[in-house]
There are 4 protein chains.
Amino acid sequence: MPRKGCIHYGVKIKLIKNTDRYILMSSITKKFEMATKADRTKQFIVEQTASVFNVKGFAGTSLTDMMEVTGLTKGSIYGNFKNKDEVAVAAFEHNFQQVSNYIRGKMEERPSIIEKLLVYPETYRNFSKLSFLSNGCPIANTSTEADDTHPQLKEKANEALTYWRNSVEKLLKAGIKNDEIKPDVNVLEFTSILTALIQGAMLHAKSSGKMNYLNASMNYLESMIRELKN
Amino acid sequence: MPRKGCIHYGVKIKLIKNTDRYILMSSITKKFEMATKADRTKQFIVEQTASVFNVKGFAGTSLTDMMEVTGLTKGSIYGNFKNKDEVAVAAFEHNFQQVSNYIRGKMEERPSIIEKLLVYPETYRNFSKLSFLSNGCPIANTSTEADDTHPQLKEKANEALTYWRNSVEKLLKAGIKNDEIKPDVNVLEFTSILTALIQGAMLHAKSSGKMNYLNASMNYLESMIRELKN
Amino acid sequence: MPRKGCIHYGVKIKLIKNTDRYILMSSITKKFEMATKADRTKQFIVEQTASVFNVKGFAGTSLTDMMEVTGLTKGSIYGNFKNKDEVAVAAFEHNFQQVSNYIRGKMEERPSIIEKLLVYPETYRNFSKLSFLSNGCPIANTSTEADDTHPQLKEKANEALTYWRNSVEKLLKAGIKNDEIKPDVNVLEFTSILTALIQGAMLHAKSSGKMNYLNASMNYLESMIRELKN
Amino acid sequence: MPRKGCIHYGVKIKLIKNTDRYILMSSITKKFEMATKADRTKQFIVEQTASVFNVKGFAGTSLTDMMEVTGLTKGSIYGNFKNKDEVAVAAFEHNFQQVSNYIRGKMEERPSIIEKLLVYPETYRNFSKLSFLSNGCPIANTSTEADDTHPQLKEKANEALTYWRNSVEKLLKAGIKNDEIKPDVNVLEFTSILTALIQGAMLHAKSSGKMNYLNASMNYLESMIRELKN
DNA sequence: AATGAATGAGCATTCATTCAT
DNA sequence: GATGAATGAATGCTCATTCAT
């Protein structure tokens, strides 16, 4: 019989307090068997806490929140992570990977650079339907809070932003190289605008609860992208 | 003899615990004498805590932080505000007013609508030199944190954003009316782009610590504004 | 024009916060003009706080409660009393005097000792209609709380109880002397039973919210009193 | 090695601040091994705080008092109880059970109903020697304070009073049924008098610090009980 | 005599973290 | 590897009291 509280064959069994929910391990663990049980538990904690950190922020998320959302005990969380910071960093990385995996996947299906770039406005237009974006852009959420108060998270957010910028720049340069994109495009400027516009527009949508401002910005971004064409 | 801890002739006298700083009352109290001492103290608390709330956020700012930065005791803060929430809301309003007063002031000097609109990119380009913007846009900082966790602050941030949008829209419509601006400009779209671009670009600057991305976006915004010309 | 917050010609004028009530000085001040304004304010504070102390107890009554119920400021209360203890003691004395004045008044109308003694069960039967008893017997309320925690109040409660006992004993002895009451009545025992029965029965009534237990005890007490007859 | 602050083999080991007392777990834990450590600690907290709550009341008992009397930290108390209210309710229940267990035990030794009823005056006569009564009747103490200020405790006190009344009524009815007690006894009245007399007399004893008034009332109660005899 | 701003110790409660089991 | 009891510093907030005005 499985011991209560364990993660058993990919299935969480422990019931905490009055919560009689059985929580299924996320699909990721099914895809490839993880080496050790510890690795699986770590992954489970990260997946479950990721959205809480994205919504409530680092300071606003307590260990009690983390216990509730994972169904695990404090001891168990501390057995797998050094402290709350380490979980928060892992959760941020998970959140960011969810976004970038989704976008990379969509881009792989597209034949041209411009089509690939159009994945950005299309994705953020539908952010509310995507669980990993519905609470806002993890980079924006993390970097506004972590500024000064949490240098390690701030650095992670900055790395993510740099990664994003580099991805866009690579696409632009590749497009220029294969004559798909006008040669005189200002790569730095275009990248700055694309990323800034998306983050600013997401903020407006989250703040106002309305989609029209975000849609207006995404319309503009789409026409900007199409005008890159050589 | 002034009682220790009082704000006397515009100068804080009390030293709390290990903090041997003498804090000058902000300029506002010198400009015009306020009705009551309580009003002055309230104003003083708001001014001193405003930047802490902007940097650390609501959850990250403790009453101890507020004591340290004001040099006042807990009791004194609670004598002037109902609770931490009330201070945070007042501090946000102060932060936002600082920004909008600055921008309104700059705009008043400008003769044309387009010149007035150019105040935005100029201001945010120099955000690091402006104390009320150096820690980032208060709207962005507040709305990313307060989402879900603090409905009242979220609402305040949304109101501020709406106010900003309305200001921009009014300028555009006035410009269209007096033939300074092209009649076919999409007001909603332009407003969305201007505000989103600024907030997104500010976020990048704060996150990376570099100015080039912000400057690139502001360059683009400036040319967009100039192209509004009829 | 009367200064706000003063007690002027026996009428409270100050309005605190949202309480737009004008509070009339109690009848006592009208009966005989008090020497000084201070005396009148002291009396006013005592009268207004007396029932709060009787309901919430000493520890449960805060200065904020006292401010609300009097409409006065803290400074004003402290200008008239050394501290909260002093108000509490005065309030207890006031409460007790209200009860004993009422009972003395009723007794004066009665011709015989036995009729006088019957005032007790009659009074406590109707405790809920008498403002100074509706929150319970002040002696019981004070002595249960003040035990150990507040020696001065405990002593006051004990003095009040002794005064009550003495009153009953005097009546019994006078009745024995003038042959109205049987000579062999055990005065100590009868006094103990009368006072204990009343306090115990009051407690039951307050606790249960029902009158039948109190009435049953008062029925019994009445028949006990009538059987005293020689 | 036992961790400091733990309750180990029934013995509290941790010393808090200036309190160098070693506190023995109460006899109850020795009698039967409790399921979990948490249950034992909860029981320990209840036992240690019960008399403090009975003496100082709910409002008068602080968490610092509770820490001192248990030797535990705040965190530990809050690990075992949701809040102060929950401890107070448990402590009241404990206090009441101590009294009713004692009385039930004494009654079991007695052959007749009248002998059983005599347990009441005998017990309360000796209240000062019984630790759970020496600070006064828990029902009286709780119900006078909790009135209005603490509805849950008030309800508990009322339940306890009802339980007591029912116990007395059952005895009387059983006595009437088996012809030991006069059939025309007014059960409601007798029960009311017995309980009210005891609570009132206890109050006098606690207030005056003298036993003669209590003894006089108990003498009377004893003769009342004996006169029930058929 | 009364005000009201300020005090700072104290309040109940929650926090991230530890560690014997 | 996981548990859960315990820690104690820190949290937001209220308290009775003081005193310059």
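Remember, predicted model here, so these are calculated numbers, not experimental data. Chain A is the first sequence line, chain B the second, and so forth, proteins listed ahead of strands; every chain is numbered from 1.
- Rounded to a whole Å, the CZ atom of B:Phe81 is 16 Å from the P atom of F:dG12.
- The terminal axes of the helix from E:dA2-F:dT21 to E:dT21-F:dA2, fitted over 5 pairs per end, subtend an angle of 10° to the nearest 10°.
- Between the B:Glu145 side chain and the B:Phe58 main chain, a donor and an acceptor come within less than 3.5 Å of each other.
- Separating the CD atom of A:Glu86 from the C1' atom of E:dA16 is a distance of 14 Å, rounded to the nearest angstrom.
- The backbone N or O of B:Ile77 sits nowhere less than 3.5 Å from a side-chain atom of B:Asn80 that would complete a donor-acceptor pair.
- Phosphate proximity of F:dA2 to A:Thr41: present, with a side-chain N or O under 4.0 Å from OP1 or OP2.
- Without hydrogens or angle criteria, B:Gln43 side chain to B:Asp39 main chain gives no donor-acceptor distance under 3.5 Å.
- One atom, CD of B:Gln43, and another, P of E:dA5, lie 15 Å apart when rounded to the nearest Å.
- No donor-acceptor pair under 3.5 Å is formed between the side chain of B:Asn54 and the backbone N or O of B:Gly57.
- Atom C1' of nucleotide E:dA2 and atom CZ of C:Phe44 are separated by 14 Å, given to the nearest angstrom.
- Remark: A:Ser76 is in phosphate contact with F:dT3, judged by side-chain N or O atoms under 4.0 Å from OP1 or OP2.
- Between A:Asn80 and the phosphate of F:dA2, there is a side-chain N or O to OP1/OP2 separation shorter than 4.0 Å.
- Straight-line distance from the CE atom of A:Met66 to the C1' atom of E:dC15: 13 Å, rounded to whole Å.
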Contact string for nucleotides 9-14 of chain E, one letter per nucleotide 5' to 3', B = base within protein heavy-atom range under 4.0 Å, S = sugar-phosphate only, - = neither, reads --SBBB
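- With C:Lys84 contributing its side chain and C:Thr61 its backbone, the two residues share a donor-acceptor pair below 3.5 Å.
- When all heavy atoms of D:Gly60 and D:Asp65 are compared, the pair lying nearest together is O-OD2, 3.6 Å.
- In this structure, D:Val55 and C:Thr149 approach most closely via the heavy-atom pair O-CG2, 4.3 Å.
- Annotation for B:Leu153 and B:Ala88: closest pair CD2-O, 4.0 Å, computed over non-hydrogen atoms.
- Atom pair D:Ile77:CD1 and E:dC15:P shows a separation of 18 Å (rounding to whole Å applied).
- Residue pairs meeting the ring pair (Phe, Tyr, Trp, His ring centres under 6.0 Å) criterion with at least one partner in residues 62-91 of chain B, sequence neighbours excluded, are absent.
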